[in-house]
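This report refers to the structure that appears directly beneath it.
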Amino acid sequence: MPVAGSGASHIPSPASSSSGSPGSSGAPALSGPSPSGGGPGRRSWWGWGTEDKALSDAECVALGALVPGAADTPLPVPAVADLDLPKVRVEPPAALAPVMSAEPWDRASHTYGKAYRDVMRALHGDLAAAPDQVARPRTEQEVADVLDWAAGADVAVVPYGAGSSVAGGVEYRAGLHRGVVSLDLSALDRVLEIDRVSRAARIQAGALGPGLEAQLRPHGLTLRHFPQSFEFSTLGGWLATRAGGHYATVYTHVDDLVESMRVVTPVGVSESRRLPGSGAGPSPDRLFLGSEGTLGVITEAWMRLQERPRHKASATVLFDDVHAAMEAVRAVSQAGLHPANCRLLDPGEAALSGVARDGASVLVLGVESARVPVDGRLAELLALARDHGGVPAATRSGAPDAAAEAWRSAFLRMPYVRDALARMSVLTETFETACTWDRAPELYASVRERLAGAVREVTGSEPTITCRFTHVYPDGPAPYFTVVAPGRRGRETAMWDEIKATSMEILHDHGATVTHHHAVGRDHRPGYDRQRPELFAQALRAVKHTLDPAGILNPGVLVDPAETAASGV
């Protein structure tokens, strides 16, 4: 186990080691949902978030009316009892039976992630990819036991995280194994130790965002990693997918918050040493960060913490010209002022989220600190924005301004709106990327022109295509595009797949990444295969064969099973 620093303290809980039994730590019980019962807070098996926050049929119809060509009535949400789930092909050994479930609700809710194509297939009752079993190990040893059994029984294991993947990362498609187990670590959800001197914590990988922060809050500390999926994603999922958080600069990805990791592979346990930095060869943590459950199962990690911010200020800046707004954001990113929030919304995105409806582009700026007032830093940021033609709309210390709050509310609600539009057979999905500043204007124009043409060809309708910058770096932005267009009932998934393929071609043509923070999964594999160097791909196949010789871990993600076997290592 990682060695605690002199200031480390165990958090009182029967789960104070990775091999102990789970117990109460005083945090909310936020582990995986029970297959029985319903009501407020129960996770949706088919769509985003919780059942009680899904939009009603009437709200779906009202939203559909805003999209010419949308269906007149919403697709009904199938009852789990009515689903045609495939027959269970494998049964666990008696020793693992207590942590395994083949209940229909468990299997249905662990079939897909939360991408548009996942939601549509669930709504149409297509659960052909359902796992045979859902495993919820309670200890690290039980994780190892599941992998041992699966390797010997030719059963694929798909690490689930909390199922918020939007890239096909938790769906089995290989068709080469006797059975499939979805591995859910929601029972491993504790903060086990806090090292106050080094300001770090040892945290189990199954901890959901709210539960993790609830356990850190009494200590005045925070991980400060808040992806849009924060409420419905886990630390292990963030690490396995190199997730991006809410903050626009400096610590944008979870990678930079990792001190060390513990990973269970089919051939043994890998545990890196706790260090603030090291030049000793390639990093073992970097091997598993972004590995998406293909090389091992992350069970815990020492994570760098921060003091909770006490000083905050925010402002909204309006621009008549989107390109001037881009130049302002570039100036901000290169000024060394490190705003926590630096979201640029193009006119379409600003209108879609209700922030501005007059054709203006909107820059939402926010700064924060645990130690010193931030009004002076915000003033410097606003001065840069004014230099590029921006007009500050509001400035208020201590709380977000009205436009920033409107954006935040729309941001958190958007996945539920996406699901409602999906029920009206509207194609509504996003994709994100990153590129250098010199390529950003051309990429933005190309997506709006070429992708619009592709959508018109597929749907026969004029699409809505909007863009926002979610993260910014001194050398480039991370543009995030939203596409909305009417689909044809029964062909929604196929239509989106055609549009998605065009978007990947555009990104490739402009030297942009296939994904900035949504991971590769199975949906981005074609673009990822073109982006990575072939020598690196060969090395990755060899590592996969070494750590997972039976090829059971998340087959088809990053490397294909056949490629691994052909490596001959």
Are side-chain N/O atoms of Ser425 and Glu492 paired as donor and acceptor at under 3.5 Å?
yes
Taking Asp132 as the fixed residue, which of Val155, Val90, Val181 is the one that meets the side-chain contact (heavy atoms from CB on, under 4.5 Å) rule?
Val90
Before accepting this row, confirm whether a basic side-chain N of the pair Glu259/Arg274 lies closer than 4.0 Å to the acidic partner's carboxylate O.
yes
Can you tell me how far apart NE2 (His516) and OG1 (Thr470) are? Round to the nearest 0.5 Å.
6.0 Å
Is there side-chain contact between Phe226 and Glu213, with heavy atoms separated by less than 4.5 Å?
yes
Report the C-alpha distance between Leu192 and Ile203 in whole Å, list the side-chain angles of each, state the deciding distance to 0.1 Å, and finish with yes or no for side-chain contact (heavy atoms from CB on, under 4.5 Å).
CA-CA 6 Å; Leu192 301 176; Ile203 308 169; over 6 Å; no
Less than 4.5 Å apart, side chain to side chain, heavy atoms only: is that true for Val158 and His110?
no
To check you understand the geometry: which heavy-atom pair defines the closest contact between Lys544 and Leu553, and what is its length?
NZ-O, 2.7 Å
Would you mind writing out the side-chain donor-acceptor pairs for residues 276-285 within the sub-3.5 Å range, not counting sequence neighbours?
unit_1, atom_1, unit_2, atom_2, d
Ser278, OG, Ala280, N, 3.1
Ser283, OG, Asp285, N, 3.2
Ser283, OG, Arg286, N, 3.2
Asp285, OD1, Met261, N, 3.4
Asp285, OD1, Ser272, OG, 2.6
Asp285, OD2, Ser272, OG, 3.4

For a quick test of reading the model, state the closest non-hydrogen atom pair linking Glu103 to Ser101 and the distance between them.
N-OG, 3.1 Å
So, Arg178 and Asp154, do they make that salt bridge, N to O below 4.0 Å?
no
Evaluate the criterion side-chain contact (heavy atoms from CB on, under 4.5 Å) for residue pair Asp189 and Leu212; output intermediate values, then yes/no.
CA-CA 8 Å; Asp189 64 352; Leu212 187 161; over 6 Å; no
Salt bridge check, Arg541 against Glu534: does any charged N sit closer than 4.0 Å to a carboxylate O?
yes
Step through the shown structure and confirm whether more than 12 heavy atoms of other residues, nucleotides or ligands are within 6.0 Å of OH on Tyr251.
no
Are Arg304 and Asp256 within salt-bridge range, i.e. N to O under 4.0 Å?
no
Are any of the side-chain heavy atoms of Thr546 and Leu295 separated by less than 4.5 Å?
no
Would His177 and Tyr172 count as a side-chain hydrogen bond (donor to acceptor under 3.5 Å, both in side chains) here? Give the steps.
CA-CA 10 Å; His177 298 80; Tyr172 179 80; 2.8 Å; yes
Between the side chains of Thr299 and Glu140, is a donor N or O closer than 3.5 angstrom to an acceptor N or O?
yes
Side-chain heavy-atom pair Arg217, Arg308 within 4.5 angstrom cut-off:
yes
Under a 3.5 Å threshold, yes or no: a donor from one side chain and an acceptor from the other, between Thr252 and Tyr247?
no
If you draw the axis of the six-membered ring of Tyr528, does the NZ or CZ of Arg525 fall within 45° of it and under 6.0 Å from the ring centre?
no
Would you indicate whether the side-chain heavy atoms of Val157 and Asn554 approach each other to under 4.5 Å?
no
Can a side-chain donor-acceptor contact be found between Thr515 and Glu432 if the only test is distance below 3.5 angstrom?
yes
Could you go through the side-chain contact (heavy atoms from CB on, under 4.5 Å) check for Val417 and Thr428 one step at a time?
CA-CA 9 Å; Val417 173; Thr428 172; over 6 Å; no
When every non-hydrogen atom of Thr50 is compared with those of Gly41, the smallest separation belongs to CG2-O, 3.5 Å
Side-chain touch Val520/Leu558, heavy atoms, less than 4.5 angstrom
yes
Please determine whether a side-chain nitrogen of the Lys or Arg among Arg242 and Glu292 lies less than 4.0 Å from a carboxylate oxygen of the Asp or Glu.
no
Do Tyr112 and Trp46 have their ring centres less than 6.0 Å from each other?
no
I'd like to know if Asp523 and Arg173 make a salt bridge, using a cut-off of under 4.0 Å between side-chain N and carboxylate O.
yes
More than 12 non-hydrogen atoms from neighbouring residues, nucleotides or ligands closer than 6.0 Å to CZ on Arg273, yes or no?
no
So Ser260 and Glu271, side-chain hydrogen bond (donor to acceptor under 3.5 Å, both in side chains) or not? Walk me through it.
CA-CA 7 Å; Ser260 73; Glu271 182 179 359; 5.9 Å; no
Does some side-chain heavy atom of Leu223 sit less than 4.5 Å from a side-chain heavy atom of Leu305?
yes
With side-chain contact (heavy atoms from CB on, under 4.5 Å) as the test, would you mind laying out the steps for Val263 and Val269 before giving the verdict?
CA-CA 6 Å; Val263 185; Val269 175; over 6 Å; no
Answer yes when Arg418 and Glu429 have at least one side-chain N-carboxylate O distance shorter than 4.0 Å, and no when they do not.
yes
Salt bridge present between Asp118 and Lys114 (N-O < 4.0 angstrom):
no
With distance as the sole criterion, is a donor-acceptor pair present between the side chains of Arg117 and Thr493 under 3.5 Å?
no
Assert yes or no for the condition that the ring centre distance of His253 to His517 is strictly below 6.0 Å.
no
Only one of Phe481, Tyr116, Trp496 clears ring pair (Phe, Tyr, Trp, His ring centres under 6.0 Å) with Phe431; which?
Phe481
Where His524 and Ala519 come nearest, the two heavy atoms and their spacing:
ND1-O, 2.8 Å
Closest non-hydrogen contact found for Arg107 with Pro86 is NH2-O, 2.8 Å
Say you draw a straight line from CD of Glu498 to OG of Ser503; how long is it, rounded to the nearest 0.5 Å?
12.5 Å
Ring-plane angle category for Trp238 and Phe230, please: parallel below 30°, perpendicular beyond 60°, tilted otherwise.
parallel
Can you tell if the side chain of Val297 reaches within under 4.5 Å of the side chain of Leu183, non-hydrogen atoms only?
yes
So does Arg190 pair up with Glu300, basic N to acidic O under 4.0 Å?
no
